Amino acid sequence: MATPLSDTPLSPSPLRTIAVVGLGTMGTGITEVLARAGREVIGIDLSEARTAEALAVLRSATARAVARGRLTEEQRTEALARVRTATDLAAAADADLVIEVAPESYEIKHQIFRELDGIVRPETILATGTNALSVTRLAADSARPERVLGLHFFNPAPAMKLVEVVSSVLTAPQAVAAVTDLAVELGKEPVAVGDRPGFVADGLLFGYLNQAAAMYEARYASREDIDAAMRLGCGLPMGPLALLDLIGVDTARTVLEAMYAESRDRLHAPAPILKQLSEAGLTGRKTGRGFYTYEAPGSGTVVPDALTPAEDGAAAPGRAVHAVGVAGSGTMASGIAEVFAKAGYQVVLAARSEEKAQAAKARIGKSLSRSVDKGRVTAEAAAQVLDRIVPAGSYDAFADVDLAVEAVAEDLEVKRQLFQTLDKVCRPGAVLATTTSSLPVVACARATSRPQDVIGMHFFNPAPAMKLVEVVRTVLTADDVHATVREVCGRIRKHAVDCGDRAGFIVNALLFPYLNNAIKMVQEHYATLDDIDAAMKLGGGYPMGPFELLDVVGLDVSLAIEKVLHREFRDPGLAPAPLLEHLVAAGCLGRKTGRGFREYARR
């Protein structure tokens, strides 16, 4: 029988000898981290070939570290000397901590933990590296459940800073404290989380990846456009489908199945394409083919295949565009006008009054002045850009434009009325575009007598800096109108992605359910704002945590988009989190009001 926890207090000395069970990519990476941090490491794997491969990888990785000046040759020699390997769990007998990173299977992990119970000392901490299975379930079958916890590193372990420290209801606080201290000593950022599939980072990440897979499966957008949209629209290091290939389609399916078994949220029900690819052996980079095709198994180099878009993608010639009208006087309208003027277009910037139009042009002048101060453009060039913009207090000034882009309030009735006006004042053949981020483009088109000329051009804020434009085609949009907008996007140096006319398009349809799920985690007291933000920045490579982003976007704007998505897709999982609704009702809208999920100093 195990010695009670109270009778065997944890040693105050650091965890010095650590066994790593499972020497795949993750286990080998953890071994490198531990050895470089001065720990004695016992790498254990049943396969002699795997242990030999792990040592070869360690030698190679540490040699690269020396070449890059991150290690001295002496430090490398010492680190490698601290690693020994074995093919029997008995080698873990003297370990202070055992980290299990075997395949994601309860049967395999249970067997490892049962064997370890008869091998390690009573005070040894047992950690599982699972990201999908229940830590509580693994602990309950152990002879010392109070010593079992989760220690979830992220791949590649040497580079990724985040470590999720997972407690079950059985875990002793002393064990959590000891492992948390170790993570800090390893140079990692530990985040304390409870036991649920996916924990924080993967719990939010895999729902998003699943929706991206479903979006692709529905042929709503191409794999290239989905990935480009999320990279350029959200600043992510990789698109979701490329990331699924990197993680492994089969791994993603396993994590999602575990999440769905607990949540029964349809957003976590694995998209059928994940099952199809997994069962066909097309699991991503490791096999050379998944959503994309790769040069060879294990390679990250994508090669063209039957689904790769042709270089000359335009099916029809576009219409000539020389003059552009921009309707609106807000930040988005002035940003779009600046973008077009910089690209050499003559721009009419029209608002409901001359004063508002002049104010919008003045805002552009300030933006250009900042660019001059930063050395990005000469004063002469900035003056030429500003001269191309003509402010107007009436939309009648759009009589001769070739392309009219509206950027007014996100209100369908306001937009409908504006398109009725544009229909009257714009010449025949002019392209009419809406920048809506969530409303149906076809509703704007039907407000005109020429719905074939109407299309969506969803710019992102700030328009001069953001490279993405979602080109939203309705069932009524003419081929040459679509070709025109694609050509214009090239001229203004924006990356165009194509998508259909449905709520959220690509970016918002994938981004806002992720943000909503983060709010639910806080609402359920699963994790703190700070821990969730840290987890997504450090574990997912996000430039901002979800709560930082929500406060920047505005909680009222976020709630409006959530409501539109919920109304369109009618999925209970998309219903706005009550906490978001309560904050908006209280007037806590984010940075613009000085308080949202966090408080901000008033200027």
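Side-chain atoms are counted along with the backbone in the values below, which use heavy atoms only and exclude waters and symmetry mates. Since this is a predicted model, take the numbers as computed values, not measurements.
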*Asks:* For Ile108, does the CD1 atom sit with more than 12 other heavy atoms under 6.0 Å from it, leaving out its own atoms?
*Replies:*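 Enclosed.
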*Asks:* Please check if the side chain of Lys188 supplies one atom and the backbone of Leu182 the other of a donor-acceptor pair under 3.5 Å.
*Replies:* no
*Asks:* Could you check whether Tyr106 and Asp141, counting side-chain N and O atoms only, form a donor-acceptor pair closer than 3.5 Å?
*Replies:*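 No donor-acceptor contact under 3.5 Å links the two side chains.
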*Asks:* Before you tell me yes or no, could you show the steps for Asp227 and Tyr292 under side-chain hydrogen bond (donor to acceptor under 3.5 Å, both in side chains), namely the whole-Å CA-CA distance, both residues' side-chain angles and the distance that decides it to 0.1 Å?
*Replies:* CA-CA 11 Å; Asp227 280 353; Tyr292 294 91; 2.6 Å; yes
*Asks:* Please check: side-chain N/O of Thr171 versus main-chain N/O of Glu146, any donor-acceptor pairing under 3.5 Å?
*Replies:* no
*Asks:* Quick one: does Thr28's side chain have a donor or acceptor within less than 3.5 Å of a partner on Leu23's backbone?
*Replies:* yes
*Asks:* Is there a donor-acceptor pair under 3.5 Å between the side chain of Lys494 and the backbone N or O of Phe459?
*Replies:*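 Here the side-chain-to-backbone pair does not exist.
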*Asks:* Under 4.0 Å between a Lys/Arg side-chain N and an Asp/Glu carboxylate O for Arg502 and Glu568?
*Replies:*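 Salt bridge flag = no for Glu568 with Arg502.
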*Asks:* Considering only NZ, NE, NH1 and NH2 on the basic side and carboxylate oxygens on the acidic side, decide whether Arg598 and Asp530 come within less than 4.0 Å.
*Replies:*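 Asp530 and Arg598: salt-bridged.
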*Asks:* Roughly how far apart are Leu565 CG and Leu574 CG, rounded to 0.5 Å?
*Replies:*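 CG of Leu574 is found 6.0 Å from CG of Leu565.
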*Asks:* Under the criterion side chain to side chain contact (heavy atoms under 4.5 Å, CB included), which of Thr31, Ile30, Val179 is the partner of Ile99?
*Replies:*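 Single side chain to side chain contact (heavy atoms under 4.5 Å, CB included) partner of Ile99 among Thr31, Ile30, Val179: Ile30.
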*Asks:* Testing the basics here: between Val101 and Gly129, what is the closest heavy-atom pair and its distance to 0.1 Å?
*Replies:*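 Reported closest heavy-atom pair: CG1-CA, 4.1 Å.
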*Asks:* Does NZ belonging to Lys592 count more than 12 external heavy atoms closer than 6.0 Å?
*Replies:* yes
*Asks:* Both conditions, 6.0 Å and 45 degrees, for the charged tip of Arg196 above the ring of Phe199: are they met here?
*Replies:* no
*Asks:* Looking at Tyr208 and Leu510, would you say the former's side chain and the latter's main chain have a donor-acceptor pair under 3.5 Å?
*Replies:*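 Absent.
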*Asks:* Within the distance-only criterion (no hydrogens, no angle test), does the side chain of Glu164 pair as donor or acceptor with the backbone N or O of Ala201 below 3.5 angstrom?
*Replies:*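 Yes; at least one donor-acceptor contact below 3.5 Å.
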*Asks:* Does a side-chain heavy-atom distance below 4.5 Å link Leu116 with Thr124?
*Replies:* no
*Asks:* Under 3.5 Å, is there a donor-acceptor pair between the Asp498 and Ser222 side chains?
*Replies:* no
*Asks:* Salt bridge or not for Asp305 and Arg289, using N-O below 4.0 Å?
*Replies:*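 Salt bridge absent between Asp305 and Arg289.
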*Asks:* Compare all side-chain heavy atoms of Ile273 with those of Phe291 and state whether any distance is below 4.5 angstrom.
*Replies:*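 In contact.
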*Asks:* Determine, for Asp245 against Arg223, whether the closest basic-nitrogen to carboxylate-oxygen distance falls under 4.0 angstrom.
*Replies:*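 Arg223 and Asp245: not salt-bridged.
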*Asks:* Considering only NZ, NE, NH1 and NH2 on the basic side and carboxylate oxygens on the acidic side, decide whether Lys520 and Glu524 come within less than 4.0 Å.
*Replies:* no
*Asks:* Does a donor on one side chain sit under 3.5 Å from an acceptor on the other, for Asp195 and Ser134?
*Replies:*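 Looking only at side-chain atoms, Ser134 and Asp195 do form a donor-acceptor pair, the distance falling under 3.5 Å.
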*Asks:* Would you check if the side chain of Asn516 reaches a backbone N or O of Ala575 as a donor-acceptor pair within less than 3.5 Å?
*Replies:*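 Such a contact is found between Asn516 side chain and Ala575 backbone.
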*Asks:* Using a distance-only test with no angle check, is there a side-chain donor-acceptor pair under 3.5 angstrom linking Thr254 and Thr251?
*Replies:* no
